[in-house]
Amino acid sequence: MSLPKFDVIELRRSLLNWYAQTGRNLPWRNSSDPYQIWISEIMLQQTQVKTVIPYYQSWLEAFPTIHNLAEADLQTVLKLWQGLGYYARARNLHACAQQIVQQYNGVFPYELEAVLSLPGIGRTTAGGILSSAYNLPISILDGNVKRVLARLIALSVPPGKALKSLWELSDQLVDSNHPREFNQALMDLGATVCTPKTPNCSECPWTLYCQAYLLNLQSQIPMREISSPLPHKIIGVGVIWNQQGQILIDKRPAKGLLGGLWEFPGGKLEAGETLEECIKREIQEELAIEIEVKDHLMTLEHAYTHFKVTLNVYHCRYISGEPQPLESDEIRWVTLDEIDQFPFPKANEKIIAALKNNS
DNA sequence: GAAACGTGGAA
DNA sequence: TTTCCAAGTTT
């Protein structure tokens, strides 16, 4: 699948011209610091620009250089990342910073192979960083580019089924004279003109070449990936109070879902069980303590990427036993004043807010 | 190759 | 309310 050479030249020219006139002014585009560009690329994985900007700014205030990041402790890093999601990104960023300081004297590597070997950096992020920071002609294939290119060639299958062809196309198109601007332009086109629903084809520089547009199929391409329905779990959650007015929280294991974040203990409701029984059992299994389940605090819905949960939150009274971290990394008794120091996932933040309102 | 991995906004 | 999906990577 290769385009005529004339078309490639004209596609580059028209896109770069469009970008020079209408490209977005984003914070990281004003920087030539590979560290800052790297941070932005990681934050932007599966995350919209609008969401990233405030995190990006407070991150750079906390960690102005890669050395500040390398020397920070992981809990501080996770606290700054709190609410952004995909927390492995923060853990990998921290590990990367330490590796780059040791292995590359703190200078982000130039070699594609070296970049790809860093944790949390795949082909698209590597191309994004190397083209943006060092102006190297490395192609990208993020969600925007997949959609733009799928429409350009009127791809008849979901992009996930044609990754090889799409990468080849992105390789063929990237302008080796202006790789930084070209890749940024391609993503801007997808984000602002060639949008998922109702694209603004009247403002597109590629209407002369876009096969989907020429066939009037732009609303049907790209084809949808098949998605399975999300399982739904009912969860019982305990806010366990002791006589000193402290609450018991636990730190999740370092890997996996919400790894390294803190939470209120609890777990999945089993068949034939009441919520009170569920919470009492889960607390016994996770922490080896006796509690009494008291008043209902709140019920909240939350959707993760691959399942949904209903959190049924109850106040509990600590009765006996020394809490053990049987299924967590660490446990702590904390007051409501101390609790803000710990990174919590979004659903738990809502519980904390409710506790503070009631007190 | 499929599933795991967060959250928010739009329709 | 539900579904889609956004600057993807890892296992």
Side-chain angles (χ1 to χ4, degrees), chain A residues 23-24 26-29 37-56 78 81-93 95-96 115-133 138-148 150 158-164 166-167 170 180 183-192 194-198 219 222-232 252-261 263 300-309 343-350:
Chain A
R24 291 176 293 179
L26 303 174
W28 40 90
R29 287 187 180 162
I37 290 163
W38 165 43
I39 299 302
S40 75
E41 291 290 339
I42 301 298
M43 287 186 169
L44 286 161
Q45 290 173 353
Q46 297 294 98
T47 310
Q48 295 186 330
V49 165
K50 194 191 331 177
T51 306
V52 164
I53 288 176
Y55 282 90
Y56 176 76
L78 286 172
W81 200 272
Q82 176 178 303
L84 244 197
Y86 287 136
Y87 297 93
R89 294 184 293 174
R91 303 193 299 269
N92 286 332
L93 223 29
C96 268
V115 175
L116 286 172
S117 77
L118 295 167
I121 300 184
R123 193 166 166 188
T124 286
T125 302
I129 297 171
L130 289 174
S131 62
S132 190
I138 316 287
S139 64
I140 57 172
L141 190 62
D142 73 330
N144 291 128
V145 179
K146 281 178 192 162
R147 185 172 56 257
V148 169
K161 299 292 180 197
L163 292 180
K164 189 163 182 292
L166 291 170
W167 272 111
S170 187
R180 174 189 292 127
N183 280 345
Q184 296 298 310
L186 206 45
M187 289 190 283
D188 263 24
L189 187 66
T192 66
C194 196
T195 48
K197 293 162 189 172
T198 62
S219 64
M223 307 274 291
R224 300 273 166 75
E225 312 281 349
I226 47 133
S227 62
S228 50
L230 300 182
H232 186 186
R252 296 176 62 91
K255 296 190 174 183
L257 184 69
L258 305 168
L261 275 69
E263 66 177 4
L300 57 101
E301 304 291 332
H302 193 77
Y304 295 96
T305 312
H306 52 297
F307 61 93
K308 295 182 289 188
V309 293
F344 279 87
K346 208 64 185 178
N348 280 254
E349 279 291 296
K350 291 180 183 171

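Protein chains get the first letters and strands the later ones, always in sequence-line order, with residue 1 at the start of each. For clarity, every value in this text was computed on a predicted model and none was experimentally measured.
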Using a 4.0 Å heavy-atom cut-off, does [X] contact any base of the nucleic acid, only the sugar-phosphate backbone, or nothing at all?
X: A:Gly190; result: nothing
X: A:Gly120; result: sugar-phosphate
X: A:Glu349; result: nothing
X: A:Arg147; result: sugar-phosphate
X: A:Leu84; result: base
X: A:Gln46; result: base
X: A:Leu163; result: nothing
X: A:Thr51; result: nothing
X: A:Leu141; result: nothing
X: A:Trp81; result: nothing

Consecutive-pair stems (at least three Watson-Crick or G-U pairs, under 3.5 Å) that include DNA chain B: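 So the stems come out as B:2-5 with C:8-11, B:7-11 with C:2-6.
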Would you say [N] has OP1 or OP2 under 4.0 Å from some side-chain N or O of [X]?
X: A:Lys197; N: B:dA10; answer: no
X: A:His302; N: B:dG6; answer: no
X: A:Arg224; N: C:dC5; answer: yes
X: A:His306; N: B:dC5; answer: yes
X: A:Tyr87; N: B:dT7; answer: yes
X: A:Lys164; N: B:dG1; answer: no

A:Lys50 side-chain proximity, nearest of B:dA10, C:dA6, C:dA7: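 Nearest listed nucleotide: B:dA10.
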Per A:Leu258 side chain, nearest of listed nucleotides C:dA7, B:dG6, C:dG8: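 Among the listed nucleotides, the one closest to the side chain of A:Leu258 is B:dG6.
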Expressed in angstrom and rounded to an integer, what is the separation of [X] atom [atom1] from [N] atom [atom2]?
X: A:Lys346; N: B:dG8; atom1: NZ; atom2: C1'; value: 9 Å
X: A:Arg89; N: C:dA6; atom1: CZ; atom2: C1'; value: 11 Å
X: A:Gln48; N: C:dC5; atom1: CD; atom2: C1'; value: 8 Å
X: A:Leu257; N: B:dA4; atom1: CG; atom2: P; value: 11 Å
X: A:Leu230; N: B:dG6; atom1: CG; atom2: C1'; value: 13 Å
X: A:Asn348; N: B:dT7; atom1: CG; atom2: C1'; value: 14 Å
X: A:Asp142; N: C:dA6; atom1: CG; atom2: C1'; value: 9 Å
X: A:Tyr86; N: B:dG8; atom1: OH; atom2: P; value: 13 Å

No-H, no-angle donor-acceptor pair, A:Thr47 side chain to B:dG8 base, under 3.5 Å: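 It does not, because no donor-acceptor pair links the side chain of A:Thr47 to the base of B:dG8 below 3.5 Å.
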base_contact_polar (B:dG6 base, A:Thr305 side chain, donor-acceptor, <3.5 Å):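 Per atom types, the contact qualifies.
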4.5 Å side-chain heavy-atom contact, A:Leu261 and A:Trp81: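 Side-chain contact under 4.5 Å: no.
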Distance (rounded to the nearest 0.5 Å) between [X] [atom1] and [Y] [atom2]:
X: A:Ile39; Y: A:Cys96; atom1: CD1; atom2: SG; answer: 9.0 Å
X: A:Lys161; Y: A:Ile226; atom1: NZ; atom2: CD1; answer: 6.0 Å
X: A:Thr305; Y: A:Tyr86; atom1: OG1; atom2: OH; answer: 3.5 Å
X: A:Tyr87; Y: A:Leu257; atom1: OH; atom2: CG; answer: 10.0 Å
X: A:Arg29; Y: A:Arg24; atom1: CZ; atom2: CZ; answer: 5.5 Å
X: A:Ile121; Y: A:Asn92; atom1: CD1; atom2: CG; answer: 8.5 Å

Under 3.5 Å side-chain donor-acceptor pair for A:Arg89 and A:Gln45: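 No donor-acceptor contact under 3.5 Å links the two side chains.
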Centroid separation A:His302 to A:Tyr304 less than 6.0 Å: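 Between A:Tyr304 and A:His302, which both carry aromatic rings, the centre distance is below 6.0 Å.
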How far, in whole Å, is [M] from [N] if one measures between their [atom1] atoms?
N: C:dA7; M: B:dA4; atom1: P; result: 24 Å
N: B:dC5; M: C:dT2; atom1: P; result: 23 Å
N: C:dT9; M: B:dG8; atom1: P; result: 22 Å

Under 3.5 Å donor-acceptor, A:Asn183 side chain and A:Ile129 backbone: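 Answer holds: no.
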Nearest-nucleotide 5' precedence on DNA chain B, A:Gly256 against A:Lys350: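 Between the two, 5'-proximity favours A:Gly256.
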